[in-house]
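Okay, structure first, notes after.
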Amino acid sequence: MKNTSDNECADKKTKQDLTSLLGQDKCLFDLEDRWTYAFDASGKQAVPLAVVFATCPEDVCAVMHYASTRRIPVVPRGAGSGLTGGAVPAAGGIVLVLERMNRILEIDTQNLCAVVETGVITADLQNSAEKKGLFYPPDPASAAFSTIGGNIAENAGGMRAAKYGVTKQYVLGLEAVLPNGRLITLGSKCIKDVAGYSMTELFVGSEGTLGIITKAIVRLVNLPETVKTLAVCFPDIQAAGRVVPLLLKSGVVPCTLEFIDFFCLQAVRNMGMSDDIAELIHPDTRAILLIELDGAADAVKKDAATVRNICETCSMLSFHSARNPEERDRLWAVRRSIHGALTSLCPHWLEEDIAVPPASIPVMLEKLQALATAENLRILSFGHYADGNIHLSVSEADAPLSLNRTEDITRKIFSLTVSLGGRIAAEHGIGLVKKEYLGLNLDDATLDLALQIKKMLDPEGILNPGKIFPGMSETKILHKPDRQ
Ligand SMILES: Cc1cc2nc3c(=O)[nH]c(=O)nc-3n(C[C@H](O)[C@H](O)[C@H](O)COP(=O)(O)OP(=O)(O)OC[C@H]3O[C@@H](n4cnc5c(N)ncnc54)[C@H](O)[C@@H]3O)c2cc1C
């Protein structure tokens, strides 16, 4: 594979070839422009040789065919909101941006599905479906800017997974371009479809390493009749954690059950929280659960009463039901702004996205608290508790972790997770940042099989190289300058 030094631009011939394949308005070669596509939300960065924008599947086929004959790496990119470095051009090469393929081609109200180009923003699909009385349930906190292609490639989860599942449950069919430039179509609008291997699923969660997804058929459901949003305050995180197994046993399936600890809440407060919401929060609060129930009005009312009883047995401090849609939005704004608010507390957190079986949440929280005390760490947590997904932000008590400590603490957190039957990646993928730990969840034979699939589809190793698999080289990663 062609190796390049930092900041190097595509050579004259590659520039000419890409320009004549796609046209000048779809190619960027200037260093400033290429830097704009050097990173994602993980903080990792590497400068590509060129950035190209596809506007149709034919563009993608042309670029992949060209890149495979010249053995140039290609990295597909949606909105670059990924948190594990998946869209970072770790080996240089071409960043292929899908953001201009953003048409919603069909909302099919008869068959309850939508056909979209994969550069469509997640919230745009959600809003278009709602206008027709339908509902696209996957709801990552990044929905306002992430793309459907990125969601599919990462098998994104989000707030409503406990009741509605994650992105993979909504993908009926895909159109994708293979590393050699061939276009394939997988699946259909049919709910039942066993015509051949179920290959659609192979591409969901493949993190841009097997093919570039250009079109998707996604399932929609009917909009629920009612939604009730509850904000419940607790005196400590363990009390909030105890709600989860009790709720699971009760038969109530909340649409969302989001957990926010005291420090995350403080961070949002510091950044600016609307006064009415700040007043709702009991002064002794150390943890909040944001619970949303949806469905038929009678059932939601009954479920809300059950939730209240359970929260009372778990020492809740206060229980509030959103009075109108505007208040509901303001409550959700607290949850959605955590990620941004944490950056103001510390420039570099070690961010983890782990999953444990949902009933193990209280035990995991205790183990994390013990780790924080033993290692003198600041461990902040929030996340999607009903499905066992905890997001962690970790630093020293008053400073970012050094790179050596990052490695050590990551291993400790992952080993606690695995000891409870958990997974080291719940919804943010493996990408660059977790690839050396994948063996903690996958045995050698499984890893080997995955690698064989990758090699069969991408024999030249040009599609998003250096991602997912342990030991795969990354040549151009630059760490942010203030990290030693
Ligand atoms: C504030 C914030 C909140 C977030 N909240 C959540 C959350 O609640 N739940 C959750 O699951 N994630 C969350 N994320 C992570 C991120 O938004 C998701 O992983 C999202 O799915 C990435 O979409 P994207 O379009 O930005 O993809 P990118 O970051 O551009 O790419 C992600 C990966 O997908 C590949 N890819 C992109 N498009 C394609 C395509 N068309 N074909 C093939 N491969 C492709 C890329 O190569 C890369 O490997 C959050 C991120 C942020 C910054």
Side-chain angles (χ1 to χ4, degrees), residues 37 39-44 48 54 57 60 64 73-90 93-102 116-125 138-161 165-168 171 174-179 202-216 256 258 332 335-343 351 353 355 382-384 387 389-391 393 425-433 435 458 463-468:
Y37 292 87
F39 54 86
D40 65 3
S42 69
K44 298 264 187 189
V60 181
M64 289 317 301
V74 177
V75 179
R77 181 185 173 99
S81 72
L83 291 163
T84 50
V88 175
I94 301 167
V95 168
L96 197 161
V97 188
L98 280 299
E99 68 187 19
R100 294 188 191 170
M101 290 183 62
N102 58 2
V116 297
E117 292 182 332
T118 45
V120 163
I121 302 292
T122 315
D124 290 345
L125 172 61
D139 189 31
S142 52
F145 40 89
S146 70
T147 65
I148 293 294
N151 293 172
I152 294 173
E154 295 287 345
N155 189 15
M159 322 266 200
R160 303 175 183 137
V166 297
T167 301
K168 74 176 173 196
V171 182
L174 294 175
E175 176 187 88
V177 178
L178 297 177
L202 183 62
F203 284 81
V204 181
S206 62
E207 302 193 29
T209 61
L210 300 181
I212 300 187
I213 305 160
T214 46
K215 200 188 283 178
T256 59
E258 291 294 304
W332 279 114
R335 167 62 186 86
R336 288 187 194 277
S337 30
I338 293 175
H339 197 266
L342 290 184
T343 316
E351 291 182 338
D353 157 51
F382 63 99
H384 319 297
D387 53 64
N389 181 188
I390 311 176
H391 296 313
S393 299
E427 58 175 11
H428 296 165
I430 296 292
L432 285 170
V433 302
K435 62 180 185 166
D458 184 15
L463 190 57
N464 214 353
K467 309 291 167 67
I468 299 184

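Quick note: residue numbers are just sequence positions, from 1. Just so you know, these numbers use all the heavy atoms, side chains as well, and skip hydrogens, waters and symmetry mates. Order of appearance sets the numbers: ligands from 1, and atoms from 1 within every ligand.
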(message) Restricting to ring-ring contact (aromatic ring centres under 6.0 Å, His included), what partner residues turn up for H391, sequence neighbours left out?
(response) F382, H384, H428
(message) Within the 3.5 Å criterion, strictly below it, is a donor on N151 or T122 matched to an acceptor on the partner's side chain?
(response) yes
(message) Tell me which residues fall inside the under-4.0 Å heavy-atom shell around ligand 1.
(response) A41, P76, R77, G78, A79, G80, S81, G82, L83, G86, A87, L98, T118, P140, A141, S142, S146, T147, G149, G150, N151, A153, E154, A156, G157, G158, E207, G208, G211, I212, I213, H339, H384, E427, H428, N464
Review item, side-chain donor-acceptor pairs of residues 203-212, under 3.5 Å, at least two apart:
{"residue": "S206", "atom": "OG", "partner": "F203", "partner atom": "O", "Å": "2.8"}
{"residue": "E207", "atom": "OE1", "partner": "I430", "partner atom": "N", "Å": "3.4"}
{"residue": "E207", "atom": "OE1", "partner": "G431", "partner atom": "N", "Å": "2.7"}
{"residue": "E207", "atom": "OE2", "partner": "I430", "partner atom": "N", "Å": "2.7"}
{"residue": "T209", "atom": "OG1", "partner": "S206", "partner atom": "O", "Å": "2.7"}

(message) Is it the case that the side chains of S146 and S81 hold a donor-acceptor pair, with the cut-off being a distance below 3.5 Å and no angle test?
(response) no
(request) Taking all heavy atoms of L463 and all of P76, pick out the closest pair and write down the distance. (result) CD1-CD, 4.0 Å
(message) I'd like to check the side-chain contact (heavy atoms from CB on, under 4.5 Å) partners of E99; sequence neighbours left out, ordered by chain and number.
(response) Y37, F53, V97
